[in-house]
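Here is the structure we will look at, set down as structure tokens.
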Amino acid sequence: FIENPELVSEWYEHRREIIQNVKPNPGHYMLAELEDLFQFVTIITQNVDGLHQKSGSSNVIELHGNIYRNYCIQCGKRYDYKKMKRQNGAPTCVECGGLIRPDVVWFGEPLPVETIQEAERYAAAADVMFSIGTSAVIYPAAELPRTAKNHHAYLVEINPEHTDISLIADESVRMESGKALPELLKQYKRWLDT
């Protein structure tokens, strides 16, 4: 980032423009609907696109950050992406003049300690955990379903592919989340009506 802040800033600006026009899939909406049906639903995501919030979910833990949030690498001041001052293509801080970067975890960077600890607490307290669409190979996020299972949660994996989570899941649904989650919600509502 330091070596070519203009290029990095342009790349993220382009990604934000693309994401602005992306709509959540039916799975995102179903997860948001679960918040209305149950007392307590927390979404722990590795995605940085904000689609869970766009679909109506309010209790979202973003392990890898959010592409719309930014901060100054010198003083730490936070910026919404629309309110950043640009100088020669790279945004700079109005407080100290430092470079502003996206608040996302880049390859080789650790997850924020507070964020992963919060996710671990929710996983350990879960009665039911859905592991949805993850490869289950990126740690420490891949450990969260195991944490839930070790604390006696019922673990449901939704993934078209077999993963390491498949070995410990109570249920494995081999479908894409955008198809599986609405179907599960429909079945649940049908069960409530009986």
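The structure presented is a predicted model; accordingly, all values stated were derived computationally and were not measured. Numbers for residues simply follow the sequence, beginning at 1.
- Residues Leu144 and Glu120 have side chains in contact (heavy-atom distance under 4.5 Å, counting atoms from C-beta outward).
- Side-chain atoms of His14 never come within 3.5 Å of backbone atoms of Glu10 as a donor-acceptor pair (strictly under, hydrogens ignored).
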Output, in order, the C-alpha distance, side-chain angles, deciding distance and verdict of side chain to side chain contact (heavy atoms under 4.5 Å, CB included) for Cys72 and Glu95.
-> CA-CA 9 Å; Cys72 173; Glu95 300 289 324; over 6 Å; no

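- Within 6.0 Å of CD in Glu118 there are more than 12 heavy atoms belonging to other residues, nucleotides or ligands.
- Atom NZ of Lys179 has 12 or fewer heavy atoms from other residues, nucleotides or ligands within 6.0 Å.
- Put simply, Val113 and Val105 are part of two different groups of oily side chains (I, L, V, M, F, W, Y) that touch within less than 4.5 Å, one to the next.
- Judged by distance alone, the side chain of Arg16 and the main-chain N or O of Ile67 form a donor-acceptor pair under 3.5 Å.
- With no hydrogens or angles considered, a side-chain donor-acceptor pair links Arg174 and Ser166 at under 3.5 Å.
- In this structure a side-chain-to-backbone donor-acceptor pair under 3.5 Å is missing from Lys149 to Met129.
- With hydrophobic clusters built from ILVMFWY side chains whose heavy atoms lie under 4.5 angstrom apart, Val22 does not share a cluster with Trp11.
- Rounding to the nearest 0.5 Å places CD of Gln46 at 7.0 Å from OG of Ser135.
- Put simply, CD on Gln53 and OG1 on Thr45 are 8.5 Å apart, with the number rounded to the nearest 0.5 Å.
- Annotation for Ala180 and Ile158: closest pair CB-CG2, 3.6 Å, computed over non-hydrogen atoms.
- Judged by distance alone, the side chain of Asn159 and the main-chain N or O of Thr134 form a donor-acceptor pair under 3.5 Å.
- When hydrophobic clusters are built by joining Ile, Leu, Val, Met, Phe, Trp and Tyr residues whose side-chain heavy atoms come closer than 4.5 Å, directly or via intermediates, Ile168 is grouped together with Ile44.
- Separating the CD1 atom in Ile18 from the CD atom in Glu13 is a distance of 11.0 Å, to the nearest 0.5 Å.
- The two residues Ile132 and Ser177 come nearest to each other via the heavy atoms CG2-CB, 3.3 Å.
- Here the side chain of Glu109 pairs a donor or acceptor atom with the backbone of Trp106 at under 3.5 angstrom.
- Closest heavy-atom contact between Cys96 and Cys93: N-SG, 3.5 Å.
- Every residue two or more places apart in sequence or in another chain that forms a side-chain hydrogen bond (donor to acceptor under 3.5 Å, both in side chains) with Asn25 is listed here: His28.
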Please walk me through it: do Leu167 and His162 pass side chain to side chain contact (heavy atoms under 4.5 Å, CB included)?
-> CA-CA 9 Å; Leu167 303 173; His162 179 87; 4.0 Å; yes

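- At least one donor-acceptor pair closer than 3.5 Å links the side chain of Asp170 to the backbone N or O of Leu155.
- For the pair Pro145 and Ala141, the tightest heavy-atom approach, listed with the atom from each and the gap, is CD-O, 3.6 Å.
- The same ILVMFWY cluster, assembled from side-chain heavy atoms under 4.5 Å apart, contains both Leu184 and Trp191.
- Under the 4.5 Å side-chain heavy-atom criterion for grouping Ile, Leu, Val, Met, Phe, Trp and Tyr, Tyr29 is not connected to Ile43 through any hydrophobic cluster.
- Using modelled atom types, one finds a donor on one side chain and an acceptor on the other under 3.5 Å when comparing Glu157 with Ser172.
- Atom CG of Asn47 sits about 5.0 Å away from atom CG of Asp49, to the nearest 0.5 Å.
- Environment of CD in Glu183: crowded, with over 12 heavy atoms of neighbouring residues, nucleotides or ligands closer than 6.0 Å.
- Minimum heavy-atom separation, Leu34 to Val41: O-CG2, 3.6 Å.
- Rounding to the nearest 0.5 Å gives a distance of 10.0 Å between CD1 of Ile73 and CD1 of Ile100.
- Listed by chain and residue number, Tyr81 satisfy the ring-ring contact (aromatic ring centres under 6.0 Å, His included) test with Tyr68 (two or more places apart in sequence, or in another chain).
- For the pair Leu99 and Ala90, the tightest heavy-atom approach, listed with the atom from each and the gap, is CD2-CB, 4.0 Å.
- The structure places OH of Tyr12 at 10.0 Å from CG of Asn70, a figure rounded to the nearest 0.5 Å.
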